[in-house]
Amino acid sequence: MEKVAVLGAGSWGTALAMVLADNQHDVRLWSHKKDHAAAINDTRQNERYLPGVQLPSGITAFHDLAEAVQDVSTVILVVPTKAIRDVCRQLNKVLDRKITLAHGTKGIEPGSFKRVSEMIDEELSNQLYDKVVVLSGPSHAEEVSQRQPTTLTASSENLEEAKKVQDLFINGNLRVYTSPDMIGVELGGALKNIIALGAGISDGLGYGDNAKAALITRGLAEIARLGTSMGANPLTFLGLTGVGDLIVTCTSVHSRNWKAGNLLGKGKKLDDVLEHMGMVVEGVRTTQAAHQLAESQEIDMPITDGLFRILFEDAAPRDVVDQLMTRVRRQEMEDLSAILNNRISD
Ligand SMILES: NC(=O)C1=CN([C@@H]2O[C@H](COP(=O)(O)OP(=O)(O)OC[C@H]3O[C@@H](n4cnc5c(N)ncnc54)[C@H](OP(=O)(O)O)[C@@H]3O)[C@@H](O)[C@H]2O)C=CC1
Ligand SMILES: O=C(CO)COP(=O)(O)O
């Protein structure tokens, strides 16, 4: 049994805490809100984020970060991307020894284009951990909390650290693989949220399965182009954290990104949609970041560009679909082939 702190008491932090408790670990679930931590301990439920789910007795909620991380061997960060830097700065003040550091957050920071592990590396004192581990894959909290079969990948530049995280989480309901391709795993998890917004819009507009399959596969093509140019292994995008997560997020009723896109497709305004959601919709900020990143890398990302125009320039979704359908004729794999050829010749 290990003492593990899960920082972020939203739907995903709570579901991951449940897996750890099922595996007999002593789990400290940290909420930055005092009344939220107290309510979790009192009711043994996280009513706001996972309503109706009974929490195992191995989970204790904390509001005081110092108490939450006291004597833990591992810290799992599961706050939204925009909160990562702030929580790391708070951790510097309260951690007093080296721990295994993992995160389950899916995003890219606008402006800096940093992946979550890069943000952590910039903020957290390097004496406190070795290499960050990312835990990612097709995994909605609602199903994990019902102990339905799910798969994840733990990736790190230090595979021993990834294996520690694999050991902590793996059980009969949750199969955890490892991967050395941190860049590919983090980018796949972050970028699929953009395509899921697009899939929701497509459904909201009343388009059918053909359109969604096209979005998923052409979305995967542009994710692979950007990811490969950033140094990822292109094969990673064919795995759980690439096409796997893309499928689940574009097709599941649980997806926050799909739901937000669906409301946009039905004509709702972005601000109203985000207010209505009440949970983080990472794809919105990631669209901004990926749009900037693609421009700086000179990578063609037409779906991401279309999403950017819908979200930030008030473009009409139907017009964006028309523009995507009438682009210049292409060979299906030409851009990715060119990027791979460049990498081989470098
Ligand atoms: N939900 C899922 O199924 C999955 C989510 N993820 C990823 O996990 C990450 C978290 O998502 P999820 O749990 O769904 O999000 P939720 O919206 O369900 O919860 C977010 C949690 O983070 C808290 N929070 C927000 N800002 C801060 C802050 N500055 N400091 C501390 N805590 C903060 C929120 O508190 P408050 O109540 O105050 O807002 C809330 O408890 C995202 O990157 C998401 O993409 C990955 C896989 C699956
Ligand atoms: O990453 C997820 C599933 O793997 C969760 O996606 P949503 O944030 O769209 O719900």
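The basis for the numbers below is simple: all heavy atoms, side chains too, and nothing from hydrogens, waters or symmetry mates. We count ligands from 1, going down the list as the structure has it; atoms in each ligand are counted the same way.
Considering backbone and side-chain atoms together, Ala141 places an N or O closer than 3.5 Å to an N or O of ligand 1. Note: an N/O pair closer than 3.5 Å links Ser11 and ligand 1 by distance alone. For a threshold of 3.5 Å applied to N or O pairs, the pair formed by Val280 and ligand 1 contains at least one separation below that value. Ligand 1 has no N or O atom lying under 3.5 Å from any N or O atom of Ala83, backbone or side chain. Taking any N or O of Glu282, backbone or side chain, at least one lies under 3.5 Å from an N or O belonging to ligand 1. At least one N/O-N/O distance between Tyr49 and ligand 1 falls below 3.5 Å. Looking at Pro138 next to ligand 2, no N or O pair under 3.5 Å apart turns up.
Less than 4.0 angstrom separates some heavy atom of Val79 from each of these atoms of ligand 1: 31 (C), 32 (N). For ligand 1 and Trp30, the ligand atoms under 4.0 Å from any heavy atom of the residue are 31 (C). Those atoms of ligand 1 that come under 4.0 Å of a heavy atom in Val78, given as number and element, are 8 (O), 10 (C). The atoms of ligand 1 that sit less than 4.0 Å from any heavy atom of Thr105 are 43 (O). Counting atoms of ligand 1 from 1 in the listed order, those under 4.0 Å from a heavy atom of His140 are 3 (O). Distances below 4.0 Å separate heavy atoms of Lys106 from the following atoms of ligand 2: 1 (O), 2 (C), 3 (C), 4 (O). Of all the atoms in ligand 2, the ones that sit under 4.0 Å from a non-hydrogen atom of Gly137 are 4 (O). Below 4.0 Å from some heavy atom of Thr249 lie the following atoms of ligand 2, by number and element: 6 (O), 9 (O). Short contacts between ligand 1 and Ala9, defined as distances under 4.0 Å to a heavy atom of the residue, involve ligand atoms 41 (O).
Side-chain atoms of Asp181 and Asn233 form no donor-acceptor pair, as typed in the model, at a separation below 3.5 Å. A donor-acceptor pair shorter than 3.5 Å cannot be found between the side chains of His140 and Gln148. Side chains of Asp86 and Gln90: a donor-acceptor N/O pair is present below 3.5 angstrom, by distance only.
The shortest contact between atom 4 (O) of ligand 2 and any protein heavy atom is with Asp245 OD1, 2.6 Å. Atom 2 (C) of ligand 2 has as its closest protein heavy atom Lys192 NZ, 3.2 Å. Residue, atom and distance of the protein heavy atom nearest to atom 8 (O) of ligand 2 are Asn257 ND2, 3.2 Å.
Both the backbone and the side chain of Lys106 come within 4.0 Å of ligand 1, counting heavy atoms alone. Only side-chain heavy atoms of Lys33 come within less than 4.0 Å of ligand 1; its backbone N, CA, C and O stay farther off. Within the 4.0 Å heavy-atom criterion, neither part of Glu282 lies near ligand 2. Residue His32 touches ligand 1 through its side chain alone, judged by heavy-atom distances below 4.0 Å. Heavy atoms of Val87 found under 4.0 angstrom from ligand 1 belong exclusively to the side chain. Proximity of Trp12 to ligand 1, defined as any heavy-atom pair under 4.0 Å, is shared by backbone and side chain alike.
The closest approach between any non-hydrogen atom of Arg256 and ligand 1 is below 4.0 Å. For Gly104, the heavy-atom gap to ligand 1 drops under 4.0 angstrom. For the ligand labelled ligand 2, residue Ser139 lies inside the 4.0 Å heavy-atom shell. The closest approach between a heavy atom of Ser139 and any atom of ligand 1 is below 4.0 Å. Taking a 4.0 Å cut-off on heavy atoms, Arg48 registers as neighbouring ligand 1.
Using a 4.5 Å cut-off on side-chain heavy atoms (C-beta onward), Arg256 and Ser11 make contact. A 4.5 Å side-chain heavy-atom check between Leu336 and Leu340 finds at least one atom pair inside the cut-off. Taking the side chain as every heavy atom from C-beta outward, Glu332 and Arg218 approach each other to under 4.5 Å. Using a 4.5 Å heavy-atom cutoff, the side chains of Val53 and Met18 are in contact. In this structure the side chain of Thr304 never reaches within 4.5 angstrom of the side chain of Leu191, judged on heavy atoms. Looking at Thr74 and His25, their side chains never come closer than 4.5 Å, going by heavy atoms from C-beta outward. Residues Ile223 and Leu187 are not in side-chain contact: their nearest non-hydrogen atoms beyond the backbone lie 4.5 Å or more apart.
None of Lys114, Arg85, Arg285 except one satisfies the salt bridge (Lys or Arg N to Asp or Glu O under 4.0 Å) rule with Glu109; the exception is Arg85. Here the options are Val320, Ile201, Leu264, the test is side chain to side chain contact (heavy atoms under 4.5 Å, CB included), and the partner is Leu307; only Ile201 passes.
A donor-acceptor pair is defined here as one N or O able to donate and one able to accept, closer than 3.5 Å; such a pair exists between the side chain of Glu282 and the backbone of Thr81. Arg115 places no side-chain N or O within donor-acceptor distance of the main-chain N or O of Ala190, the cut-off being under 3.5 Å. Checking side-chain atoms of Asp245 against main-chain N and O of Gly188 turns up no donor-acceptor pair under 3.5 Å. Without hydrogens or angle criteria, Ser202 side chain to Gly198 main chain gives no donor-acceptor distance under 3.5 Å. Within the 3.5 Å criterion, the main-chain N or O of Thr178 finds no donor-acceptor partner in the side chain of Thr153.
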